[in-house]
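Beneath this line is the structure, given in structure tokens, with notes to follow.
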Amino acid sequence: MNTFYITTPIFYPTGTPHIGTAYTVFIADTLAKYYAQKLGSDNVLFLTGTDEHGGNIAKKASELGVTPIEYVNDYAERYKRIWSGLNISNSYFIRTTNPEHEEFAKELIQKSFDNGDIYEGTYEGWYCESCESYYSEEDLIDGKCPNHPTKLPIFTKEKNYYFKLSKYSDWLLNYIEENPEFITPIKWREYVKSLIRERLKDIPVTRANVSWGIEVPFDKSQTIYVWYDALPNYLSYLNFKDSLEKDYYNRFWGNSVHVVGKDIIKFHAILWPAMLKSAGYPIFKKLLVHGFFTVNGLKIGKSNNNAIDPLELGEKYTNDAVRYALLSEFQIGNDGDFSIERLESKYNGELGNNFGNLLNRVIHLANLKDVNLHEDIEIDKDVSTYISTIENEYINNIESFKIFEAIQNVSELCSFGNKYVNDKKPWEITDTNELKSVLITLRVLLEKVIELYSPIIPDSSLKASNALKNQEKIILFPKLELKS
RNA sequence: CGCGGGGUAGAGCAGUGGCAGCUCGUCAGGCUCAUAACCUGAAGGUCGAACGUUCGAGUCGUUCCCCCGCCA
């Protein structure tokens, strides 16, 4: 693999991004930074953006007395500002109102139509305006939307076009069996398989009464419903005029990874591959599914007043500490919990004491003993063996998207360094060569720690790297006073 | 039976059949180069409950109890 392409879902701009949104983006950003380091940044693409069509957007806009495009322009800027404030390294920010995207979405649905996979039908059933989703009678709970128990769905009868999703069941099941790496972690692959075995139904992919959307090319009275509008963003960007000039489609599509939350796994693991197959495209390479976390044991939301603004949190604790706290707390794919207490504990302990303090111990000792850390000498063999072992584990982990485990590897390396200092007692060593060997061994270890940490805590790693280079002390994570 | 996740040391989490682990906290030592940091040792678990499969179960099966999430 000589390129890497990673995407986040495109966000629906009806709410402000919160710590949960940021989590998805942190995962993608960490992997993007890792591969940029490994393959060179020219060989990595990282895409995020906003999903800007649909009835809810039009409704929100009209409530605010603005046009839909004004509304989404404002939101797109808001998202961009937040990601840039968090130093997210996305190569491009895609918006579904981009004319090149709209053109691509039309071509895609037209291809499926031409292949006979899209047929005209009449939809009769329940529609929840809040979800912008259709429900069958048995989906409803006491006649109410399963996601919005206070809302009454509307009985709808309208002409729609359907996609023959059912046709792709066997093919998809086979594909998943034959490509065990396609959906990860494993438990989500098993979940998807069970969904497919339960039976796939054809689904409506156009709407008759939503004007804020992309026109259906083969029936101008309809607009494209979310699936054929939002999902193609991952591919449309590679086919923009600028992208084609850079050969992006050929270089990147074969190495594409979609990061998604567990709530939208069906659309990414089932519908999107079927859409691609139908339109004659090869399907994306991997789907990385992450779980959800609660904040202080409560789900994120306005009702719990815990929809934390990641930027504010970053200003207080540093961006690095925020992403570190999330990525090191639970494995990708699992659910977890996030709290300020845990963030502070990790900040002081794992980042400050274990990593930051080790950096300072070494630099300070070298300065005290007047040792040049950058002299090129042979280092302690046992240590260099240990470093390679850890590095290999780290690479295995991060390339299987196990960021949680990879962080533990680096943490172990720091602990090893601290123990090494204690064992060797460099402050007592009088022999110059021995002293040099110990301290320079530690410098090499620290360089590796910094390298391995840099996708995870990029700002601190850069500072650490400069401090080590200049052999000047730096307090990376000033101690937080904790209320007991 | 709506769908799904989970119940492992005081707290937070690993551990998909083979001697129960990690981080934090607690207690006791050591060190004194460092952000009162670091190192060592100890205490602390009948792995939610019961039954079953197995030479062997935290791990597989069945039943039950309890938490939690469901527009990232």
Side-chain angles (χ1 to χ4, degrees), chain A residues 8-9 11-12 14-27 56 128 130-133 138-142 145-149 186-188 190-191 194-195 198 259-266 290-295 297-301 307 310 325-326 328-331 333-339 341-342 344-369 402 404-405 407-408 411-412 414-429 438-439 442 473-480 482 484:
Chain A
T8 72
F11 301 106
Y12 200 57
T14 49
T16 310
H18 52 67
I19 188 80
T21 328
Y23 175 59
T24 310
V25 175
F26 285 147
I27 291 173
N56 273 340
C128 171
S130 295
C131 305
E132 292 193 62
S133 288
E138 62 260 30
D139 289 333
L140 301 182
I141 298 165
D142 296 331
C145 164
N147 291 323
H148 298 87
I186 298 172
K187 68 173 181 180
W188 294 111
E190 296 307 312
Y191 172 71
S194 76
L195 285 179
E198 272 175 31
V259 179
V260 299
K262 64 179 185 177
D263 57 329
I264 48 176
I265 187 171
K266 271 193 228 177
H290 69 73
F292 289 164
F293 58 88
T294 50
V295 172
L298 299 169
K299 71 159 209 160
I300 299 171
L326 284 169
S328 68
E329 183 65 18
F330 42 86
Q331 293 165 317
N334 286 1
D335 289 348
D337 185 59
F338 174 83
S339 70
E341 288 72 22
R342 304 279 313 151
E344 290 180 337
S345 155
K346 281 169 176 294
Y347 175 98
N348 274 345
E350 293 163 34
L351 293 175
N353 297 343
N354 200 25
F355 171 47
N357 183 51
L358 175 64
L359 179 73
N360 272 355
R361 290 179 92 174
V362 173
I363 293 175
H364 186 81
L365 275 166
N367 291 344
L368 209 63
K369 298 282 188 174
K402 293 181 177 171
F404 173 90
E405 290 83 344
I407 288 174
Q408 287 184 343
S411 198
E412 281 168 46
C414 287
S415 296
F416 184 89
N418 273 313
K419 185 168 154 48
Y420 189 74
V421 177
N422 278 48
D423 290 348
K424 294 290 177 186
K425 303 191 198 321
W427 54 90
E428 283 179 4
I429 299 176
V438 169
L439 291 180
L442 283 160
K473 279 187 73 172
I474 182 176
I475 304 287
L476 286 176
F477 304 96
K479 196 85 172 171
L480 296 170
L482 302 188
S484 65

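Being a predicted model, the structure only gives us computed values, none of them experimental. Numbers restart at 1 for each chain; the letters A, B, ... are given by sequence-line order, proteins then strands.
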_Across nucleotides 3-14 of chain B, 5' to 3', mark each nucleotide with B, S or - according to how protein heavy atoms within less than 4.0 Å reach it._
-SSS-----SSS

*For each nucleotide in nucleotides 29-38 of chain B, reading 5' to 3', give B when a protein heavy atom comes within less than 4.0 Å of its base, S when such contact involves only the sugar-phosphate, and - otherwise.*
-BSSBBB-SB

_Sugar-phosphate, base or nothing in reach of I19(A), heavy atoms under 4.0 Å_ = nothing

*NA contact type, F292(A), heavy-atom cut-off 4.0 Å: base, sugar-phosphate, or nothing?*
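Since a base atom lies under 4.0 Å of F292(A), the category is base.
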
Span that lies between the [atom1] atom of [M] and that of [N], in whole angstrom:
N	M	atom1	result
rU23(B)	rU63(B)	C1'	36 Å
rG4(B)	rA43(B)	P	43 Å
rG18(B)	rC27(B)	P	36 Å
rC60(B)	rC47(B)	P	15 Å

Do [X] side-chain atoms and [Y] backbone N/O form a donor-acceptor pair below 3.5 Å?
X	Y	answer
D337(A)	F293(A)	no
N334(A)	G291(A)	no
Y23(A)	H18(A)	no
W188(A)	G333(A)	yes

*Tell me, please, which residues at least two apart from E329(A) pass salt bridge (charged side-chain N to carboxylate O under 4.0 Å, His left out).*
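Checked E329(A) against salt bridge (charged side-chain N to carboxylate O under 4.0 Å, His left out); matches are R342(A), K346(A).
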
*Specify the separation, in whole Å, of atom CD1 of I265(A) and atom P of rC71(B).*
17 Å

*F11(A) CZ to rA72(B) P: how many Å, rounded?*
9 Å

_Non-neighbouring partners of K479(A) that pass side chain to side chain contact (heavy atoms under 4.5 Å, CB included), sequence neighbours left out_ = N348(A), N353(A)

*Ranges pairing with ranges for RNA chain B, where each run has three or more Watson-Crick or G-U pairs under 3.5 Å*: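 Expected stems, ordered by start: B:2-7 with B:65-70, B:10-13 with B:21-24, B:26-30 with B:38-42, B:48-52 with B:60-64.
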
*Got a sec, which pairs hit salt bridge (charged side-chain N to carboxylate O under 4.0 Å, His left out) with one end in residues 15-26 of chain A, sequence neighbours left out?*
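Every candidate salt bridge (charged side-chain N to carboxylate O under 4.0 Å, His left out) pair involving residues 15-26 of chain A fails, so no pair, neighbours aside, qualifies.
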
*When the nearest nucleotide of RNA chain B is assigned to T21(A) and to T294(A) on a heavy-atom basis, which residue is associated with the more 5' position?*
T294(A)

